[in-house]
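For ligands, and for the atoms within them, numbers begin at 1 and follow the listed sequence.
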Amino acid sequence: MLKILSVVGARPQFIKAAPVSRALRRSFTEVLVHTGQHYDAGMSDVFFRELGIPAPDHHLGVGSGAHGAQTGAMLAGIETVLLAEKPDWVLVYGDTNSTLAGALAAAKLHIPIAHVEAGLRSGNWSMPEEINRVLTDAASDLLLAPTTDALEHLEREHVHGQVRWVGDVMLDALKLFEPAMARSTALDTLGLEPGRYAVVTVHRAENTDDPVRLAAILSGLARLELPVVFPMHPRTRGRIADHGLSHLRSAGWIDPLGYLDMLALVGHAAVVLTDSGGLQKEAAFLGVPCVTLRDQTEWPDTLELGWNTLAGADADRLLEAVRTTRSRTSGSVSELHERFGGGLAAERIRMAILAT
Ligand code: UD1
């Protein structure tokens, strides 16, 4: 049986690994490596527990740090594991520092790389994620694209690896865990009425590390006419204190949530405001409009089908987008599900690796 070594480290990668790991283990021996990029119980353990992800075979415990130090520590740690495990494939997810470290370690040892969520582009080279994506795609042997748009980027870039459209594994996860999500008691616990609140997340460096952008977003949120529930990434909580913005605090600022509670909240929200890539899609998959607190998105289908509006980091644009977005009903959820692979991406990934 071929051996696949999968590298995860950050919250969205745990979610993506849940359906993919299940599919892979039907045909391959999987070795799971956790870099330790995310390490708080609420940022890591809860996902393994709730989503039934197998315990990592290797935990590198790298933790936080400057980009170079963090990526370098992961690179060294993953290399040691690769030399011991000798896998036939290395599989990496998305665009985090864990992704790049996994790809680079494998490339140097001439181990074939499969990249899940290949081909996304924002065109914004100041984002660490954009650097990670482009470099990982350049090193990959099998590029598993979630959308036709991603496929076109890879064709244009003439990457050396083989490119396959497989759909989006986050839709697989959503479909897989929908019944468990329905059992969440998060709305009751937080005292929220279905359809009468906004869900907010902000964690991108471009927003959190820029005091002007972060202040604009928080003051726009403070003027929203809806109650806000804002599960806050530890980075954001830290930067709000560093930038002296704690006076903009609201009762809805809570600790990060697990996947099931988060999606239960999103599914019943009036609107989602976020700078996360994953939540933009998850809102749309659940038929909830999204206002994206960025200047670009890697998911143009969500804009095209009417589920998403870009508002940058500007209080007035944010408020205007919430008003117009909430009254819009043009989007089609089933068309969106189809474009994102209908929940069968993990199976297509298994087949693509088998066929390569
Ligand atoms: C990372 C990814 C980002 C992804 C996000 C998902 C990179 C460059 N960025 O961003 O693409 O969208 O994960 O959440 O890889 N911290 C804790 N506890 C934790 C994790 C982080 O307190 O468990 C704090 C630390 O202060 C740390 C900061 O958050 O320095 C940033 O963490 P880091 O992993 O560097 O990047 P994220 O912002 O989480």
Looking just at side-chain N and O atoms, do [X] and [Y] make a donor-acceptor pair shorter than 3.5 Å?
X: Ser126; Y: Glu206; answer: no
X: Ser219; Y: Arg223; answer: no
X: Thr208; Y: His233; answer: no

Under 4.0 Å from a heavy atom of [X]: give me the atoms of ligand 1 that qualify, with their elements.
X: His203; value: 4 (C), 5 (C), 6 (C), 12 (O)
X: Met43; value: 23 (O)
X: His67; value: 8 (C)

With a 4.0 Å heavy-atom cut-off (strictly under), which part of [X] contacts ligand 1: side chain, backbone, both or neither?
X: Ser276; value: neither
X: Arg235; value: both
X: Glu129; value: side chain

Give me the nearest non-hydrogen protein atom to [atom] as residue plus atom name, then the distance to 0.1 Å.
atom: atom 21 (C) of ligand 1; result: Ser64 OG, 3.9 Å
atom: atom 18 (N) of ligand 1; result: Asp40 OD2, 3.0 Å
atom: atom 6 (C) of ligand 1; result: Pro12 CD, 3.4 Å
atom: atom 8 (C) of ligand 1; result: Asn97 OD1, 3.4 Å
atom: atom 35 (O) of ligand 1; result: Gln70 NE2, 3.8 Å
atom: atom 14 (O) of ligand 1; result: His38 CE1, 3.1 Å
atom: atom 32 (O) of ligand 1; result: His233 CE1, 4.3 Å
atom: atom 22 (O) of ligand 1; result: Pro234 CB, 3.2 Å

Query raised in the report: Is any NZ, NE, NH1 or NH2 atom of the basic residue among Arg133 and Glu130 found under 4.0 Å from an Asp or Glu carboxylate oxygen of the other?
Result: yes

**Report entry** Electrostatic pair Arg121-Asp95, nearest N-O below 4.0 angstrom
**Finding:**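 Between Asp95 and Arg121 there is no salt bridge, as every charged N stays at least 4.0 Å from the carboxylate O atoms.
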
Query - side chain to side chain contact (heavy atoms under 4.5 Å, CB included) evaluation trace for Met232 with Val202 - result: CA-CA 7 Å; Met232 200 171 277; Val202 177; over 6 Å; no

Query - Any Gly238 heavy atom less than 4.0 Å to ligand 1 - result: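 For ligand 1, residue contact (heavy atoms, under 4.0 Å) with Gly238 is absent.
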
Query raised in the report: Would one find an N or O of Gln37, backbone or side chain, under 3.5 Å from an N or O of ligand 1?
Result: yes

Requested in this report: Please say whether more than 12 non-hydrogen atoms of neighbouring residues, nucleotides or ligands are located less than 6.0 Å from CE in Met43.
Outcome: yes

Report all side-chain donor-acceptor pairs from residues 181-193 shorter than 3.5 Å, counting only partners two or more places apart or in another chain.
{"from": "Ser184", "atom 1": "OG", "to": "Ala186", "atom 2": "N", "distance (Å)": "3.1"}
{"from": "Ser184", "atom 1": "OG", "to": "Asp261", "atom 2": "OD1", "distance (Å)": "2.7"}
{"from": "Thr189", "atom 1": "OG1", "to": "Thr185", "atom 2": "O", "distance (Å)": "2.8"}

Query raised in the report: With a 6.0 Å cut-off on ring centres, are His38 and Phe47 close enough?
Result: no

Requested in this report: Only counting residues at least two apart or in another chain, list the ones meeting side chain to side chain donor-acceptor pair (under 3.5 Å) with Glu304.
Outcome: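 Only Arg339 meet the side chain to side chain donor-acceptor pair (under 3.5 Å) criterion with Glu304.
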
